[in-house]
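Taking it in order: structure first as structure tokens, then the write-up.
Proteins get letters first, then strands, A, B, ... in listed order; numbering begins at 1 in each.
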Protein chains: 2
Amino acid sequence: MTKRLTTIKDIAKALGISVATVSRAMRDTYDVSAETRKLVLDTAAKMNYRPNFNATGLVKSGTHKIAVIIPAITNYYFSTVITGIQEYALEQNYQVMLYLTNDSAYWETKVVRELSLSSVDGLLACITYETTDFSHFEELVEADMPLVFFDRVPESVKTSVVVQDDYTGACMATEHLIAQGYSKIAHLAGPPGLNLTQQRLRGYLDTLKKHRLESYGVIHSGFSDENGRQDINTLFNGASRPDAIFSVNDRKAFGVVLWLREHGILVGEEVGVIGFTNDPTSKIISPSLSTIAEPAYQIGRKSCEVLIRHIQKQSYPIQQISLLTELIVRESTQRKAVGKGADT
Amino acid sequence: MTKRLTTIKDIAKALGISVATVSRAMRDTYDVSAETRKLVLDTAAKMNYRPNFNATGLVKSGTHKIAVIIPAITNYYFSTVITGIQEYALEQNYQVMLYLTNDSAYWETKVVRELSLSSVDGLLACITYETTDFSHFEELVEADMPLVFFDRVPESVKTSVVVQDDYTGACMATEHLIAQGYSKIAHLAGPPGLNLTQQRLRGYLDTLKKHRLESYGVIHSGFSDENGRQDINTLFNGASRPDAIFSVNDRKAFGVVLWLREHGILVGEEVGVIGFTNDPTSKIISPSLSTIAEPAYQIGRKSCEVLIRHIQKQSYPIQQISLLTELIVRESTQRKAVGKGADT
DNA sequence: TCTGGTTTCGATAACGTTCTCGCTACTATT
DNA sequence: AATAGTAGCGAGAACGTTATCGAAACCAGA
């Protein structure tokens, strides 16, 4: 129950002019004299006027708001993406509404369906790893609501997508392991349904094949460090132990490093580990983690840019943007034995 | 330029009844027969009707949106708080608009000032560490806009606040260090202007005094691990080296641990380190970091709850809520020398 | 059959803004 | 001096919804 705010009418009354003139003076300079324009702007500032977005949105059917739907923000990648989105949006005078699905397909559907179509101009989404039915998104596309996916993207829905180059990143990671002298390489993969899981897996397998190496195991599971612990455990209880691990993301790799350390296995020297993301913690863990850096901030900015283009021009063609990744070499893929002398 | 959406009018026309009846059927059950109500609801679903929030907001002068203004989200504490806010808001059918200030007072002022008062029902804010002038917030309070601060709160503005018990937390941390046998304790403090900096500093000093110990140094700086590295460096280049560090937050403590490790100083055994936050990385770093756990998620939920109370009842009294912290003991404050035998 | 009270619904005005039209008054042209 | 053109402004409709008021329709009681 906030106090009544000053409206355009109040300004008009105070100045003895019509609301139409005030409205015009507020935006463009044409069709209104420079002096009345200045007069209006001054008294508007004096009366502490703020435009009512409900009213403008109603008549112009545009709200200058975009919705971001994302599984979570409590990790480096997602929070950085959001930061990029937020910054670009603010520059373009758009406001962002945040929706967390908590990786639940139920919540995702609910949020997308109940999201009043009239309250936002467009959507930026990253799907949960459970989502298999995309009809709630397809309904949006049919209603001509601008929609852009990033990172985790469905293949069926016909919209613009912005991702990192997962395939090449995985190739780089695997190549690096091989170059460092590891040959029994296993892959801790992500949830099977996800596009990025498939791309990284394919990069891994293709690179192995190129070097005529066999895979020492592929395990699909979630993204947490706990998942990493479990997976490395089953892997090391199996018949043939790997001498290197390529993990689908850094957090899972942290679990691996921790597990190996606890079991007295030297990370790097005995078993190489490489992740994907470049989470800041990868510099803090010891040994520090080699990884494939994702351009998270840029992905945020870029996907927001594409969305706003779609909003402002409905003829803007569908984009398939893939940003480059970068190999970051740290201790977890270094065989220090070389410098250590005749230890083996 | 989305397709025209179905409005309440379309439903009225399709059913041959008035818009008023449709509107009533849509919300309450009184003043409309059960059959027409059902009829309306069914055709509304069939025609894929979504309410236009601009229109409802215009007439009801309430938007069911709240704004969250926060320095950043790329760290554990803030992203977890936001998660709590978001979840509670969604439960109560409120939508969250996110604004990042990037710890810039300029951006904070800009965002708060330009934020159309009419586009949100209330604000949840955490100030930057630069902010010294709070007039942009005071203007909001004068306009009767519901406003709640969390974590970093200004003392001058008369609003509800939700924080963790920083003072007691700092006391617990210092007590723990003393109980573990450390006596030359230094404090790496936060930016001096912040309330939480002062509270934690006071808890540290009071506890020292209680045990008749002297402070081995207090350095104010930012919250990053880089700040931690620099501060420990100046501390160890000084005349009297501390044997324990209480850091205002975990990230800064990470910098300390890393610096000590690089300089061959045994963390825990030679120099105890304790942080504040319970960032997940504190379990990953080695040695693992003792810390004071903050109820970040609960702070998010609680502050959102208080805000919504204020929105729904303007007579709701101003709250001063302080949530409990918890001591988490890990390796960085353990003197293993005891078990190690006659090493010293 | 009439009265009084419900129930159910419709007309219409608001909310704050923009947009379309048209009117006035001024300037320039001949 | 008459006309055409244009700059500047006002009146009113429109956007989609809710709120107020009143009218019809129904029911029960006498």
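- Distances shorter than 4.0 Å separate none of the side-chain N or O atoms of A:T21 from OP1 or OP2 on D:dG8.
- Per the geometry, NZ belonging to A:K13 stands 16 Å off C1' belonging to D:dG10, to the nearest Å.
- Atom CZ in B:R37 sits about 17 Å away from atom P in C:dT7, given to the nearest Å.
- The side chain of A:T36 contributes no N or O atom lying less than 4.0 Å from OP1 or OP2 of D:dG8.
- Checking B:S18 against A:Y49, the closest nucleotide of DNA chain C that is more toward the 5' end is the one next to B:S18.
- In this structure B:E138 satisfies the salt bridge (Lys or Arg N to Asp or Glu O under 4.0 Å) test with no other residue, sequence neighbours excluded.
- For A:F137, the ring-ring contact (aromatic ring centres under 6.0 Å, His included) partners at least two apart in sequence or on another chain are A:F149.
- With sequence neighbours left out, the side chain to side chain contact (heavy atoms under 4.5 Å, CB included) criterion links B:Q312 to B:Y94, B:I308.
- A:K9 has its NZ atom 14 Å from the P atom of D:dG12, to the nearest Å.
- Between the CG atom of B:D10 and the C1' atom of D:dT17 there is a distance of 13 Å, given to the nearest Å.
- Qualifying ring-ring contact (aromatic ring centres under 6.0 Å, His included) partners for B:Y106, counting only residues two or more places apart in sequence or in other chains: none.
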In a table with atom names and distances, give each donor-acceptor pair under 3.5 Å that connects a side chain of residues 69-77 of chain A to protein atoms at least two apart or in another chain.
from  : atom 1 : to     : atom 2 : distance (Å)
A:N75 : OD1    : A:Y77  : N      : 3.1
A:N75 : OD1    : A:F78  : N      : 3.0
A:Y77 : OH     : A:D151 : OD1    : 3.3
A:Y77 : OH     : A:Q164 : OE1    : 2.9

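- Side chains of B:S135 and B:D133: a donor-acceptor N/O pair is present below 3.5 angstrom, by distance only.
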With 3.5 Å as the limit, what N/O pairs link the protein to nucleotides 19-25 of chain D?
from   : atom 1 : to    : atom 2 : distance (Å)
D:dA19 : OP2    : B:R27 : NH1    : 2.9

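- For B:L58, counting side-chain heavy atoms from C-beta on, the closest listed nucleotide (C:dG16, C:dA11, D:dG10) is C:dG16.
- Across its full length, the helix from C:dT1-D:dA30 to C:dT30-D:dA1 shows an angle of 50° between the axes of its 5 terminal pairs at either end, rounded to 10 degrees.
- A salt bridge does not link A:K38 to A:E35: none of the charged side-chain nitrogens sits closer than 4.0 Å to a carboxylate oxygen.
- Residues passing the side chain to side chain contact (heavy atoms under 4.5 Å, CB included) test with B:Q319, sequence neighbours excluded: B:S160, B:V306, B:Y316, B:P317, B:I321.
- For the pair A:L15 CG and D:dC9 C1', the computed distance is 13 Å after rounding to whole Å.
- Note: CZ (B:R50) to C1' (D:dG16) measures 16 Å, nearest angstrom.
- Atom CD1 in A:I8 sits about 11 Å away from atom P in C:dG16, given to the nearest Å.
- As a whole-Å value, the separation of A:I17 CD1 from D:dG12 C1' is 17 Å.
- The list of salt bridge (Lys or Arg N to Asp or Glu O under 4.0 Å) pairs with a residue in residues 98-111 of chain A, not counting sequence neighbours, reads A:D103-A:R152, A:K110-A:E114.
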